[in-house]
Amino acid sequence: MQKSKYKLFWFFLVILGASVIFINLKFSSFIKQKYNEGKFDLINSLSFTTEQQQVDFYVGTIENLWVGPLTSVVSGMLFLSFCLLYLQKASDIKFGLAIFLYLLITKFAVLSFPPCGDALFGVLSDALWLVRNHFDFIGRLKQLTYVYGGPLVYPESIYPIFLTFLMTVSPSPQIFFLLVHLIVFIAGVCVLVTFRKVLLEFFDEKISMLGTILLLSIPIFQSMVELPNMEMVSLSFALVAVFMVIKRRFGMASVMTVLAFMIKIPAIITCIVLVVTFVLCFITEPRNKENIKNALWVFGACSIAVLVSIFRMMIFKEQADYNKLSLLAGWNSMRASFVCYLFLTITFFYLLHGGLSWIKAKRAGKNFFIFLKNNYNHVGLFVMACSWFLLYLNFSCLIYRYQFLVVPFLLFFCIYFFMCAFKKAAFRKWSMVGFIGFSFLCSHGLLFIRSQMPAYNECERSLEYRNLLKLHMKVAQEIERNFSNFTIAAPIMMAQMLTFKEAGYVKHDLDTMVYSFGATHKEIKHFEGLDKVNIMRTIWLADSNADPKHLQPYPIGPNDRIMEEIVYGRHRITLFMGGFAIEEMRKKVIIYQMMQELKKKKSK
């Protein structure tokens with residue numbers, strides 16, 4: 001019976017794996033064939049549209065709706081089967097190697113992907129400036145921050161500096177991004193291996209394995225392990241820090257905490273976990289000789305956190321109301337987030353469970369300190385979730401990527417309460433298998449509300465970002481092929497994409513200009529009026545994120561001339577000439593700014 005399971009697994013691996021590979025290789029040419037044959041009923045039905053579209057609309061949309069989810073489900077469930085058959089009792093190294101191979105096999109194409117959206121405007125912005133300015137670290141701190149379109153985004157982070165050296169030693173942008181993607185893969189492996197170790201503190205091998213693959217299947221994990229942002233790397237250190245806290249190894253936990261927030265500062269909340277759990281250990285084990293040493297480690301980590309926070313505040317003191325940290329500044333963003341209500345639900349059940357457990361322990365004659373000591377293990381995980389909630393409750397910006405830091409901790413408690421509620425082993429197992437399959441099915445954004453004009457950071461919530469990335473690559477090719485001798489005017493992210501060859505989109509130097517944003521890198525001009533540009537030699541780019549709420553048509557007006565519309569999936573970028581609507585908006589913004597300055601002077 002046992003041997004037949006293994007044979008059946010390898011049979012399905014070969015058949016389903018080959019089928020998925022065949023579909024991925026052939027579906028694009030199949031769609032193009034049906035498009036050329038004029039068979040729009042079929043491809044319109046598959047893409048849920050009633051109007052005839054460009055061929056790449058169908059390719060991208062069907063990839064996002066059908067081929068991508070199918071690939072994720074088949075590959076994910078085959079990997080889950082492999083883990084349950086071979087890896088339940090595997091060592092961390094073997095399990096980590098298996099995950100790494102899974103990522104390499106299923107995401108091999110990602111290794112050549114350039115940065116998309118905030119991955120370029122964010123962490124790589126600092127690194128690009130340092131590379132192009134000969135590692136002038138002091139000069140970097142004097143640059144404008146990203147609030148004003150400048151290259152300074154993460155002055156306190158060590159990660160851009162690491163990327164700077166990596167970019168310098170890489171012989172080409174392609175090699176650089178290959179290395180960066182591999183680093184993010186390794187960080188993802190570290191997160192999953194550590195999460196499994198956390199689960200093994202509470203559950204058996206099977207549930208721990210199922211819980212770990214459930215984390216892997218979550219759409220935002222799927223996207224964060226592909227995008228060269230800092231979130232995955234920072235989380236890997238933060239999760240290791242919390243696990244070290246569970247094991248009462250405060251020295252290693254403090255080191256991991258410092259590395260976590262020195263990569264990205266929101267992980268500074270791990271310091272709260274250090275302090276709370278150390279105090280708990282001190283109360284429940286007052287005679288422990290390690291407490292003095294642990295106190296020094298915790299104090300050291302918190303001191304560094306304070307210094308880093310002060311340094312960042314000094315650099316970003318001019319930000320005013322943008323991305324501010326103040327009392328309840330993030331409530332409007334938080335209350336619109338599913339994660340908020342999930343956290344509040346978990347908190348309710350955690351406090352209820354804790355209260356009932358205390359009543360039971362009290363009746364058994366245990367005092368409160370013994371009760372705390374017996375329930376120490378999950379306190380750090382809960383404190384981490386609470387700290388994240390408090391941080392973003394008071395931070396004015398909450399995008400999908402910022403929610404990633406809390407995902408493993410919320411998932412742990414979902415699993416924990418699920419195990420408390422249901423005791424039947426078979427039901428637990430197959431329910432979790434069902435959750436995993438459904439989560440893989442949602443890997444391309446199935447459950448998310450699809451806005452008509454999805455923003456860059458909205459696409460990061462799942463693998464739906466790939467359509468946007470492929471559109472940007474297509475636009476860059478079109479610009480280089482047909483408009484390389486024009487001035488290219490674009491929003492900030494596309495302007496950077498078309499300016500820096502190191503970003504991997506273009507191979508030649510282009511004359512670029514940014515509109516609707518402040519000054520940026522010295523390599524990119526800033527739009528200062530139509531009288532300062534050659535209108536006949538300027539191509540303007542408008543992306544599908546253009547705001548429809550403007551009082552006037554913008555950025556494309558009735559007097560502008562549309563040259564071409566490039567689409568991929570539901571994303572589109574329009575190339576046009578004129579820039580008259582952009583000029584009109586620029587003048588209105590100047591008048592508004594002057595009026596604001598007058599109000600300030602009168603108020604004084």
Side-chain angles (χ1 to χ4, degrees), residues 12-13 15-32 34 42-49 53 55-83 99 102-110 113 116 188 192 210 212-227 338 400-401 403-404 407 411 430-452 454 458-471 567-571:
F12 279 113
L13 177 67
I15 298 298
L16 294 177
S19 300
V20 165
I21 292 172
F22 178 80
I23 291 171
N24 276 274
L25 290 175
K26 296 295 184 180
F27 93 93
S28 179
S29 57
F30 173 78
I31 298 301
K32 291 176 181 178
K34 296 302 177 185
L42 174 62
I43 55 179
N44 280 347
S45 298
L46 289 173
S47 55
F48 296 106
T49 186
Q53 305 284 346
V55 64
D56 281 338
F57 169 88
Y58 295 111
V59 173
T61 303
I62 292 170
E63 179 184 5
N64 211 43
L65 291 174
W66 300 100
V67 178
L70 174 66
T71 302
S72 294
V73 169
V74 172
S75 61
M77 298 308 286
L78 286 174
F79 182 64
L80 172 63
S81 302
F82 177 80
C83 290
I99 296 170
Y102 166 78
L103 294 176
L104 280 180
I105 294 169
T106 59
K107 301 180 184 295
F108 184 77
V110 172
F113 282 1
C116 181
L192 293 169
L210 289 167
T212 304
I213 305 303
L214 182 56
L215 175 59
L216 170 64
S217 70
I218 291 176
I220 196 168
F221 189 98
Q222 290 283 308
S223 63
M224 287 298 104
V225 82
E226 292 188 7
L227 288 163
F338 168 76
Y400 285 99
R401 190 172 74 251
Q403 300 173 26
F404 185 58
V407 166
L411 179 61
W430 291 110
S431 294
M432 292 193 70
V433 169
F435 294 148
I436 291 168
F438 183 70
S439 187
F440 274 121
L441 184 65
C442 297
S443 60
H444 284 69
L446 176 65
L447 287 183
F448 291 116
I449 297 173
R450 297 181 184 273
S451 60
Q452 289 296 107
E458 182 179 309
C459 293
E460 294 174 339
R461 63 195 180 183
S462 74
L463 297 183
E464 57 194 305
Y465 88 89
R466 291 180 181 178
N467 273 0
L468 183 61
L469 172 64
K470 291 174 182 177
L471 173 64
V567 303
Y568 197 90
R570 299 185 182 276
H571 300 279

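None of the values given here were measured: they were computed from a predicted structure.
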Could you list the residues that satisfy side-chain hydrogen bond (donor to acceptor under 3.5 Å, both in side chains) with Ser217, not counting sequence neighbours?
Ser439
Do the side chains of Thr61 and Trp66 get nearer than 4.5 Å, heavy atoms only?
no
Going by side-chain hydrogen bond (donor to acceptor under 3.5 Å, both in side chains), name the residues that satisfy it together with Ser72, two or more places apart in sequence or in a different chain.
Ser443
Are side-chain heavy atoms of Phe22 and Leu25 found at a separation under 4.5 Å?
no
Sorted by chain and residue number, the side chain to side chain contact (heavy atoms under 4.5 Å, CB included) partners of Leu16 (sequence neighbours excluded) come out as Phe12, Val74, Leu78
Report the C-alpha separation of Phe448 and Glu464 in whole Å, then their side-chain angles, then the decisive distance to 0.1 Å, and conclude whether the side chain to side chain contact (heavy atoms under 4.5 Å, CB included) test is met.
CA-CA 10 Å; Phe448 291 116; Glu464 57 194 305; 3.9 Å; yes
Nearest non-hydrogen partners of Glu460 and Ile220, listed with the distance:
O-CG1, 4.3 Å
Residues in ring pair (Phe, Tyr, Trp, His ring centres under 6.0 Å) contact with Phe82, at least two apart in sequence or another chain:
Tyr86
For Phe435, all residues meeting ring pair (Phe, Tyr, Trp, His ring centres under 6.0 Å), sequence neighbours excluded
Phe418
Is there a side-chain contact between Leu80 and Leu210 in this structure, where contact means two heavy atoms from C-beta onward sitting under 4.5 Å apart?
yes
Which atom of Leu46 lies closest to which atom of Leu65, heavy atoms considered:
O-CD1, 3.8 Å
Are the side chains of Pro69 and Leu446 in touch, meaning some heavy atoms are under 4.5 Å apart?
no
Can you name the closest pair of heavy atoms from Asn467 and Gly569 and give their distance?
ND2-CA, 3.8 Å
Quick one: closest heavy-atom pair of Ser462 and Gly445, and the distance?
OG-N, 3.3 Å
So, do Leu468 and Tyr568 sit near enough that their side-chain heavy atoms are less than 4.5 Å apart?
no
Residues forming a side chain to side chain contact (heavy atoms under 4.5 Å, CB included) with Val73, sequence neighbours excluded:
Met77, Phe440, Leu441
With a 4.5 Å heavy-atom cut-off, do Gln53 and Ser47 have their side chains touching?
no
Which atom of Asn64 lies closest to which atom of Leu463, heavy atoms considered
OD1-O, 4.4 Å
Would you list the pairs meeting salt bridge (Lys or Arg N to Asp or Glu O under 4.0 Å) in which at least one residue belongs to residues 431-445, sequence neighbours left out?
none
Got Ile218 and Phe404 here, is their nearest side-chain heavy-atom distance under 4.5 Å?
no
With sequence neighbours left out, what residues match Glu226 under side-chain hydrogen bond (donor to acceptor under 3.5 Å, both in side chains)?
Lys107, Tyr465, Arg466
Which pairs pass salt bridge (Lys or Arg N to Asp or Glu O under 4.0 Å) with one or both residues in residues 57-79, sequence neighbours excluded?
Glu63-Lys470
Considering only residues two or more places apart or on different chains, which pairs with a residue in residues 18-31 satisfy side chain to side chain donor-acceptor pair (under 3.5 Å)?
Asn24-Thr71
With sequence neighbours left out, write down each residue that passes ring pair (Phe, Tyr, Trp, His ring centres under 6.0 Å) with Tyr102, or none if nothing qualifies.
Phe79
